[in-house]
J.: 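Here it is, the structure in full.
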Amino acid sequence: MPGESKELDTTVHLPEPRHEYPLPSTNGVATASPVVLETVPDIRERQEPRRIAPSPPWLITAGAFTLYALISVLRYERRESMSWDLGIFTQAVRAYGQFQAPMVNIRGQNLNLLGDHWHPILMLLGPLFRVFPSPITLLLAQSFLLAVAAVPLTRTAMDLVGRRQGYAIGIAYGLSWGVVQAANFDFHEVAFAVPALAFSLCAYIRGEYRKTILWSLPLLCVKEDLALLVPIIIAMVVASTRLRGRLTHQGATLGLGIALGALLTSLLVRVVIPHFNPDGVYLYWNEGGCLDPEQHAGLGRLMSCVPHQFLDGIGAKGRTILTTLLPVAFIALRSPLVLLAVPALVARFVNVGPAYWGTDFHYSVVPTVIVFAAAIDGLVRMRESREAVPGRRSPLSRPPQTWLHVLGDAQLKHGAVAMLAIAAALTQAFPLQDLWHHETWSPDEHAAAVKRAEAAVPSGVTVETTVTMLPALAARTAALWIGNPNIVHPPDYEAFDIDRSGWNGQPSALDFVRARHPGYDYQQVFADPANNVYVFRRTD
């Protein structure tokens with residue numbers, strides 16, 4: 001509860017003043033410094049905590065889960081996978097369910113997926129997949145993970161900002177484009193980070209510091225770059241509980257947390273992941289451009305090329321930043337918590353691949369959770385600072401108003417409603433609006449042909465296939481992606497959609513298969529020429 005202390009020192013029974021925050025102010029927005037706010041009493045020390053019924057946050061979560069599940073499952077039923085990720089993770093989770101190492105031939109033959117990215121948390125889905133062996137299991141699990149973050153966000157906003165404002169903020173999160181885009185993008189391990197971050201940051205806002213640390217720990221097992229945040233969050237807690245009023249020590253502690261986070265990420269990237277990789281390498285250095293150890297020549301070269309990479313495509317990157325802050329009506333800038341979104345954004349923007357810079361796929365879901373938590377924190381900070389000023393409500397004794405104060409008053413009064421209105425408006429530009437279209441609910445003839453082709457492939461065989469069939473076949477076969485060389489063992493079956501196969505102008509589908517596997521012959525077992533879908537079986 002907001003009136004309870006979760007200090008590391010169990011002899012203290014009142015919460016620390018929440019204004020002793022170790023992070024600096026942001027982007028010119030006047031977030032109050034620890035020195036100024038040290039004398040401001042915490043409102044939660046002067047009020048009885050509101051008793052909020054548990055049902056509203058869970059009702060919002062249920063609604064969000066329904067929307068996310070519909071988006072993702074309907075896309076799967078239309079066989080419109082956006083990448084090979086759903087097939088990859090289906091194969092990995094299937095292996096975990098059989099108590100085996102996650103050997104994922106889709107990503108590369110004999111590749112342990114822990115040698116691709118560090119995500120052992122996927123083991124949690126293994127038992128569930130064993131009971132329900134379908135890609136839909138992953139999609140529903142992801143929908144739940146994304147939606148359940150609404151519980152701490154809604155509850156914290158209701159407790160500390162107001163019941164109606166809490167409803168609005170919770171629904172705004174559920175409709176927010178960053179989360180919807182993640183639900184729409186097949187499946188990705190980053191979904192596990194969403195509830196962990198939401199519960200951790202909301203616990204920090206409430207002064208429940210043990211919960212803050214405990215909820216952050218799962219990030220160590222979600223992905224290598226998210227491990228960076230754990231020492232930073234722990235440093236925030238230490239600075240807030242042990243170093244009150246000692247600004248130099250607080251800053252040093254936060255700096256140490258950042259350094260330890262960078263060291264931990266480096267350990268995962270340079271030691272742990274290469275250990276599981278058959279080639280002993282980290283596969284994604286090339287996406288970092290000159291950050292690739294084999295490409296940069298000395299520190300001077302590195303310092304010059306990294307800013308150039310960061311500024312490349314600055315227009316798209318700037319739009320992404322604005323679009324990330326827009327659903328929270330820029331209120332997140334009132335809280336230093338917003339700085340926790342910086343590492344995720346910087347990692348994307350320094351990447352040389354333009355696909356990382358925009359608003360597509362799942363890349364914005366982590367910053368989205370952070371900015372929503374920061375917006376709640378910002379509203380609480382503004383309310384506390386205003387109610388703590390003597391005579392604040394008296395026009396005769398009110399201090400001179402700056403534009404920031406006027407803006408803050410407007411944000412306090414209308415901010416939650418603005419967040420809801422913006423989120424609702426943005427649904428028309430992102431996948432939620434697809435639910436209004438008839439074709440979303442009705443798979444076409446091509447999808448039906450793909451499903452018939454999948455049924456023509458027996459379980460347990462080796463099959464080389466395209467992205468459209470990867471998820472369904474990975475759930476019951478040793479699937480390979482047709483875009484890889486796959487030269488170790490010619491597959492028992494070839495099942496593909498010509499439009500996504502890399503056809504290369506072969507005279508016929510059989511010629512295409514023979515060209516991929518010279519010296520081996522295949523027999524056609526299914527064909528739908530009208531939809532360009534074929535299945536072949538190896539005959540020797």
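Here, residue 1 is the first one in the sequence, and each next residue gets the next number.
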J.: Going by heavy atoms in the side chains, are Phe430 and Ile71 under 4.5 Å from each other?
T.: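 Of all side-chain heavy-atom pairs linking Ile71 with Phe430, none is under 4.5 Å.
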
J.: Check Phe276 against Gly115 and note the closest heavy-atom contact, atom names and distance.
T.: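 In this case the closest contact between Phe276 and Gly115 is CB-N, 3.5 Å.
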
J.: Spell out, as yes or no, whether a donor-acceptor pair under 3.5 Å connects the side chain of Ser266 to the backbone of Ala262.
T.: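 Not confirmed, Ser266 side chain does not pair with Ala262 backbone.
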
J.: Please determine, by modelled atom types, if Arg319 and Thr359 share a side-chain donor-acceptor pair under 3.5 angstrom.
T.: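 No, Thr359 and Arg319 have no side-chain donor paired with an acceptor closer than 3.5 Å.
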
J.: Hey, is the main chain of Glu494 close enough, under 3.5 Å, to the side chain of Tyr534 for a donor-acceptor pair?
T.: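 No.
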
J.: Kindly state each residue pair satisfying salt bridge (Lys or Arg N to Asp or Glu O under 4.0 Å) with at least one member in residues 79-90, sequence neighbours excluded.
T.: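 Qualifying pairs, neighbours excluded: Arg78-Glu80, Arg79-Glu454.
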
J.: Got a donor-acceptor contact below 3.5 angstrom from the Gln91 side chain to the Ala479 backbone?
T.: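 Yes, the answer is positive, given that a donor and an acceptor are paired below the 3.5 Å cut-off.
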
J.: Tell me, which pairs form a salt bridge (Lys or Arg N to Asp or Glu O under 4.0 Å) where one or both residues lie in residues 112-125, sequence neighbours left out?
T.: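 Every pair satisfying salt bridge (Lys or Arg N to Asp or Glu O under 4.0 Å) with a residue in residues 112-125: Arg107-Asp116.
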
J.: Does CZ in Phe144 sit with more than 12 non-hydrogen atoms of other residues, nucleotides or ligands closer than 6.0 Å?
T.: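 No, because the 6.0 Å sphere around CZ of Phe144 holds 12 heavy atoms or fewer from other groups.
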
J.: Taking it one step at a time, do Asp312 and Trp357 satisfy side chain to side chain contact (heavy atoms under 4.5 Å, CB included)?
T.: CA-CA 10 Å; Asp312 186 28; Trp357 305 343; 3.5 Å; yes

J.: List the steps, then state whether side chain to side chain contact (heavy atoms under 4.5 Å, CB included) holds for Tyr493 with Leu473.
T.: CA-CA 11 Å; Tyr493 279 77; Leu473 293 178; over 6 Å; no

J.: Hey, is the main chain of Phe310 close enough, under 3.5 Å, to the side chain of Lys317 for a donor-acceptor pair?
T.: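 Yes; at least one donor-acceptor contact below 3.5 Å.
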
J.: Just by distance, do the side chain of Glu189 and the backbone of Ile121 share a donor-acceptor pair under 3.5 Å?
T.: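 Not at all, since once roles are kept as given, no pair shorter than 3.5 Å links the two residues.
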
J.: So that I know where these two stand, are Tyr284 and Tyr282 an aromatic pair - ring centroids less than 6.0 Å apart?
T.: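 When the ring centroids of Tyr284 and Tyr282 are compared, they turn out to be within the sub-6.0 Å range.
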
J.: For His188, does its backbone N or O pair with a side-chain atom of Gln142 as donor and acceptor, under 3.5 Å?
T.: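 Looks like yes, one N/O pair under 3.5 Å.
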
J.: Quick check: does any side chain N or O of Asp521 sit under 3.5 Å from a backbone N or O of Arg538, one acting as donor and the other as acceptor?
T.: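 No.
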
J.: So does Thr462 get a backbone contact from the side chain of Asp492, meaning a donor-acceptor N/O pair under 3.5 Å?
T.: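 Judged by distance alone, yes, a pair lies under 3.5 Å.
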
J.: Indicate yes or no for a side-chain donor-acceptor contact from Ser216 to the backbone of Ser200 under 3.5 Å, with no hydrogens or angles considered.
T.: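 Answer holds: no.
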
J.: Could you label the plane-to-plane angle of the Phe89 and Phe187 rings as parallel, tilted or perpendicular, counting under 30° as parallel and over 60° as perpendicular?
T.: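 Geometry flag for Phe187 against Phe89: perpendicular rings.
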
J.: Ring centroid separation for Tyr209 and Tyr204, is it under 6.0 angstrom?
T.: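 That pair passes the under 6.0 Å test.
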
J.: For Ile213 and Ile233, run side chain to side chain contact (heavy atoms under 4.5 Å, CB included): C-alpha distance rounded to whole Å, both residues' side-chain angles, the deciding distance at 0.1 Å, then the answer.
T.: CA-CA 7 Å; Ile213 294 176; Ile233 291 173; 5.5 Å; no

J.: Just one of Val328, Leu345, Leu340 clears the side chain to side chain contact (heavy atoms under 4.5 Å, CB included) bar with Ile370, so which one?
T.: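 For Ile370, the side chain to side chain contact (heavy atoms under 4.5 Å, CB included) check succeeds only for Leu340.
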
J.: Tell me whether Asp186 contacts the main-chain N or O of Ser83 through its side chain, where contact means a donor paired with an acceptor under 3.5 Å.
T.: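 Side chain of Asp186 to backbone of Ser83: a pair is present.
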
